[in-house]
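Inspection log for the structure reproduced underneath, given as structure tokens.
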Amino acid sequence: MWLVKNKKGRIASVFSLTIWSLFLVMLIMKGNWTIGPTLLAIAFTLLLTLTGVRLYQEWVEDGEWLE
């Protein structure tokens, strides 16, 4: 039922999703929106998107794309 082909990859995906979300929340709480923090927020958002795609592929497609 819960046979996972790539356990380490799935753990890394969940961990990175948590870290990028935490960094984005910390950046939003700081409230400094000069060019540097704005670019960091964009980068964190893109990383969250990529991690979300990876998690989708691992959970829904059951890791078949990794083979």
Side-chain angles (χ1 to χ4, degrees):
M1 180 176 155
W2 289 98
L3 182 64
V4 177
K5 294 180 183 179
N6 186 7
K7 293 178 184 176
K8 290 181 183 178
R10 194 166 291 183
I11 291 169
S13 294
V14 171
F15 180 71
S16 65
L17 184 68
T18 305
I19 292 297
W20 299 133
S21 300
L22 180 65
F23 284 164
L24 188 59
V25 167
M26 288 171 44
L27 192 62
I28 290 170
M29 288 176 53
K30 187 175 180 185
N32 179 8
W33 293 111
T34 57
I35 189 73
T38 303
L39 291 175
L40 269 175
I42 292 169
F44 290 151
T45 304
L46 288 173
L47 287 166
L48 281 169
T49 303
L50 289 172
T51 303
V53 168
R54 180 180 167 99
L55 277 171
Y56 173 80
Q57 290 175 330
E58 287 177 350
W59 287 89
V60 175
E61 298 176 7
D62 204 24
E64 291 177 10
W65 63 283
L66 294 170
E67 296 175 351

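What you see is a predicted model; the values in this text were computed from it and never measured.
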L22 versus M26: any side-chain heavy-atom pair under 4.5 Å?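 With C-beta onward as the side chain, the pair touches.
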
Within-4.5 Å side-chain heavy-atom neighbours: L27 and F23: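 SC-SC contact between L27 and F23 ruled out.
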
Is there a path of hydrophobic side-chain contacts, each under 4.5 Å between heavy atoms of I/L/V/M/F/W/Y residues, joining [Y] to [X]?
X   : Y   : value
V25 : V14 : no
L50 : L48 : no
L17 : V53 : no
W20 : L40 : yes
F44 : L46 : no

For T34 against T38, the heavy-atom pair lying closest together: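 Taking every non-hydrogen atom into account, O-OG1, 2.8 Å.
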
Which pair of non-hydrogen atoms, one from L55 and one from S13, has the smallest distance, and what is that distance? CD2-CB, 3.5 Å

To the nearest 0.5 angstrom, please state how far the CD1 atom of I19 sits from the CG atom of L47.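 Nearest 0.5 Å value for the CD1-CG distance: 12.0 Å.
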
